[in-house]
Structures are given as C-alpha cells and as structure tokens.
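We number each residue from 1, following the sequence as shown. It should be emphasised that the depicted structure is a prediction, and the values quoted were computed from it without experimental measurement.
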Amino acid sequence: MKPLSRRRARALLRLHGPRSDIFRRRLAIGAGAVAIGLVALLFARLADEATGRFEAFAQAFPYAPLLLTPVGFMVIAYITTRFAPLARGSGIPQVIAAKSASATFANPLVSLRTALLKAVLTIGALLSGGSTGREGPTVQLA
C-alpha cells in the first residue's frame, strides 16, 4: 500500500476532518442516536417502575384496581381527547405516515408535545393498571 502524500492527507482532512460537513453530520447523527437511546432507556425504566408500583398497590389493596383502572382510563381518555388527539393509538403508524408526508402534515403527527404527552399518559395508564405497551411511545419519542 502506497503511503499518503501530505497533499492527499490534507485533502482527506478537509473532506472528512472535524471541520467538514460530513464529520459534523456524522457527529450530529451519532449524538442523536445516543440521546434517543438514553430517552428510550429512561422511558423503559419509568414504565417498569409504574408497573411495579401498581402491582404493589394492588397487593396492598386487592379491590382498589376495580375502581382505579376504569377511572384512570377515563381520565387518560379525556386528557388525550382534549389536549392531544393525535396521541391516540400506538404511535408507530403516525411516525410511518409522518415519514412519508410533507412537513406541514407531518409536524402535528410527531410533534414534541404529542410525543411527551403520549409518554406521560402511557406511564399514567401503567400506574392505573393498564396493559399498554411502551414500544409505540418509544418510537414516537425517538
């Protein structure tokens, strides 16, 4: 293999070095991927904690879930309908639709407000004994 000339090394550094657009783009994508992973881990931890708290509550008060779960779902349904109607469903179809749609149509589907409210409502559903999954909200948060 032929050694690099100084000229070629400088050209490669300009093209792929820390000041290049390629390097900055790769850094942004890498940092974004790490941030998404950390948010997904935090959300999973909160969901597991909520499920554990509900189970402990149900053990301490065995008949309380008969009232807590329906009331919890009524409150969650009201909040969803009133404040974030696009947070309905799993969240995965919304992300797929937003990916293939124009920016004007996609923004409400995957807005930060919708994703955060969906995450909070999912934790609330798990706290009240719901059997909701955390995969859809994780995709929407990402």
Between [X] and [Y], what is the shortest heavy-atom contact and its length?
{"X": "T122", "Y": "G133", "result": "CG2-O, 3.9 Å"}
{"X": "T51", "Y": "L126", "result": "OG1-CD2, 3.9 Å"}
{"X": "T69", "Y": "G129", "result": "OG1-CA, 4.0 Å"}
{"X": "P18", "Y": "R24", "result": "O-NE, 3.9 Å"}

Could you name each residue pair satisfying salt bridge (Lys or Arg N to Asp or Glu O under 4.0 Å) that touches residues 60-79, not counting sequence neighbours? none

Where at least one partner belongs to residues 53-75, residue pairs that pass salt bridge (Lys or Arg N to Asp or Glu O under 4.0 Å), sequence neighbours excluded: E49-R53

Give the other cluster members for L38, using side-chain heavy-atom distances under 4.5 Å between Ile, Leu, Val, Met, Phe, Trp and Tyr residues; answer none if it is isolated. V34

Check: residues 41-48 side-chain donor-acceptor pairs under 3.5 Å, at least two apart:
residue : atom : partner : partner atom : Å
D48     : OD1  : R134    : NH1          : 2.6

Going by atom type alone, with no hydrogens or angles, which donor-acceptor pairs under 3.5 Å involve a side-chain atom of residues 56-66 and a protein atom two or more places apart or on another chain?
none

Check: residues 71-86 side-chain donor-acceptor pairs under 3.5 Å, at least two apart:
residue : atom : partner : partner atom : Å
T80     : OG1  : I76     : O            : 2.8
T81     : OG1  : A77     : O            : 2.8

Distance col, row Q140:CD vs T138:OG1, nearest 0.5 angstrom, shows 10.0 Å

